Each structure stands twice: as C-alpha cells, then as structure tokens.
There are 2 protein chains.
Amino acid sequence: MNKVKSYRLNQGLTQTQLAYKVNVARQTISLIENDKYNPSLNLCKQIAKVLHTDLNSLFGGN
Amino acid sequence: MNKVKSYRLNQGLTQTQLAYKVNVARQTISLIENDKYNPSLNLCKQIAKVLHTDLNSLFGGN
DNA sequence: CTTTTTTGTCAATTATATATGGCAAAAAAT
DNA sequence: ATTTTTTGCCATATATAATTGACAAAAAAG
C-alpha cells in the first residue's frame with residue numbers, strides 16, 4: 001500500500017539505518033512497510049524528510 | 001501549524017460535525033487543530049478525505 | 001556451500017493517542 | 001443583554017503505537 005520500502009531502497013538504506021535516522025526501533029519500520037499498522041503523523045513526516053519526499057508520495061495512495 | 005481548522009471552516013463544518021464524520025471525539029479534533037498532539041496517519045487520511053483535500057495540503061507545512 | 005546481513009514476527013512492556021464527561025469562556029444568535 | 005452554540009481545557013480511563021530482546025528464515029556476500 002505505502003511506498004516506504006521503495007523510497008528507502010532508492011536511498012540505499014537498510015531498515016536499521018532508516019530506523020536510526022528517524023529515532024524509532026527497526027521493528028517499527030518493518031511494520032510500517034508491511035502496512036501492519038498505523039504510524040503517527042510526526043513519524044510519517046520524519047520518514048518523508050529522511051527519504052527526500054513528502055507525505056502524499058509516501059502515504060497518499062490507497 | 002496545520003491547516004485543519006481552515007479547511008474545516010471552508011466546508012462549513014463545526015468541530016463536532018467533523019469529529020462525527022471521521023469517528024473520533026470532538027476533543028481529538030480540537031487538540032489536532034491546536035497542534036497539541038500527534039494524530040495517527042489513518043486519522044489524518046480520513047480528515048483529508050472529509051475535507052476534500054490531501055495530506056500535504058493539511059499537514060505538509062512546518 | 002558457508003557465513004553474514006537483512007528482514008519478518010512473537011511476546012511482554014512502556015509511552016502516548018484517543019475516549020468520556022464535565023465546566024468555563026468565547027463567539028454567535030435571538 | 002440574554003440565550004445558545006462552539007470551542008479549549010482538565011481530569012481519568014482505555015486502546016494502540018512504539019520499544020526491547022530474541023529467534024528463524026530469506027537474501028546477500030564471502
């Protein structure tokens with residue numbers, strides 16, 4: 001559903017590296033990428049910033 | 001910071017009406033509009049849909 | 001093939017988003 | 001000026017996001 005994994009791989013980052021950059025646990029990134037739950041807005045914004053994109057591009061789809 | 005209040009008023013909705021449409025308590029809308037906390041992504045998406053806009057427009061700023 | 005890295009998932013715990021009820025102040029309506 | 005509606009805020013309670021540690025499987029590297 002979301003495009004976090006796609007953008008993360010484009011930046012050459014591992015889940016662990018992305019998690020470190022946005023100050024969450026690696027598991028949190030894994031769960032988000034698999035649409036296993038519902039992250040907070042602030043976390044979404046941080047991820048968008050680190051992946052050089054925006055909320056609509058990462059989470060805008062259905 | 002965010003533009004929920006602005007878009008809500010444009011649609012002629014009260015906090016209570018918006019809360020009802022997105023299935024949360026009125027207080028939740030009040031807190032979000034005043035940037036008093038950090039809503040979930042799903043709630044942000046529902047609000048965007050009801051207000052006929054998108055994540056970037058509502059929450060994209062800083 | 002063997003070793004190392006990366007990822008998915010589980011269980012238990014902690015932090016915090018959201019709910020509920022209520023009250024006062026501001027705004028709008030009469 | 002008075003009444004009604006709308007909003008901000010304060011408690012307490014509940015649901016769930018996020019943490020931590022650990023293990024196995026898949027993928028990548030050697």
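Everything numeric here is computed off the predicted structure, so don't read it as measured data.
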Checklist entry - Please, which pairs that meet side chain to side chain donor-acceptor pair (under 3.5 Å) have at least one residue in residues 15-26 of chain A, sequence neighbours excluded? => result A:Gln15-A:Glu33
Checklist entry - Counting only side-chain N and O atoms of A:Thr28, is one of them less than 4.0 Å from OP1 or OP2 of D:dT19? => result yes
Checklist entry - Taking atom P of D:dT5 as reference, at what distance in whole Å does atom CD of B:Gln17 sit? => result 13 Å
Checklist outcome for this item: Separation of C:dA27 atom C1' from B:Gln15 atom CD, nearest Å, is 13 Å
Checklist entry - To the nearest 0.5 Å, how far apart are CG in A:Asn34 and NZ in A:Lys5? => result 7.0 Å
Checklist outcome for this item: Heavy-atom nearest pair, B:Leu51 first then B:Gln11, reads O-NE2, 3.5 Å
Item to check | 5' precedence on DNA chain D between A:Val24 and B:Leu9 (nearest-nucleotide basis) | outcome: B:Leu9
Next on the checklist: Rounded to whole Å, please give me the gap between NZ in B:Lys5 and C1' in D:dT7.
Outcome noted: 8 Å
Checklist entry - Do the side-chain N or O atoms of B:Ser30 get closer than 4.0 angstrom to the phosphate oxygens (OP1, OP2) of D:dG8? => result yes
Next on the checklist: Please report the distance, rounded to the nearest Å, between CG in A:Asn38 and P in C:dT16.
Outcome noted: 17 Å
Checklist entry - For the side chain of B:Gln27, counting heavy atoms from C-beta on, which of D:dA17, D:dC10, D:dA22 is nearest? => result D:dC10
Next on the checklist: Which nucleotide wins on minimum distance to the side chain of B:Thr14, given the candidates D:dT6, D:dA18, C:dT18?
Outcome noted: D:dT6
Checklist outcome for this item: B:Leu31 CG to C:dT16 C1', in whole Å, measures 12 Å
Checklist outcome for this item: To the nearest 0.5 Å, atom CG of B:Asn56 lies from atom CG of A:Asn56 at 3.5 Å
Item to check | Nearest non-hydrogen partners of B:Cys44 and B:Pro39, listed with the distance | outcome: SG-CG, 3.6 Å
Checklist outcome for this item: When rounded to whole Å, the CD to C1' distance for the pair A:Glu33 and D:dA17 reads 17 Å
Checklist entry - Measuring from B:Leu13:CG to B:Leu18:CG, what's the distance to the nearest 0.5 Å? => result 6.0 Å
Checklist entry - So does A:Asn34 get a side-chain nitrogen or oxygen closer than 4.0 Å to the phosphate oxygens (OP1/OP2) of C:dG8? => result yes
Checklist outcome for this item: Output for pair (A:Leu55 CG, A:Leu41 CG), nearest 0.5 Å, gives 6.5 Å
Item to check | Five-pair end axes of the helix from C:dC1-D:dG30 to C:dT30-D:dA1 and the angle they enclose, rounded to 10° | outcome: 60°
Item to check | Among D:dA18, C:dT18, D:dT7, the one nearest A:Ser40 by side-chain distance | outcome: D:dA18
Checklist entry - In whole angstrom, what separates A:Asn42's CG from D:dA18's C1'? => result 14 Å
Checklist entry - Within the modelled atom types, does a donor on one side and an acceptor on the other bring the side chain of B:Arg26 and the base of C:dG21 under 3.5 Å apart? => result no
Checklist entry - Just how far, in rounded Å, is P of D:dA15 from OH of B:Tyr37? => result 16 Å
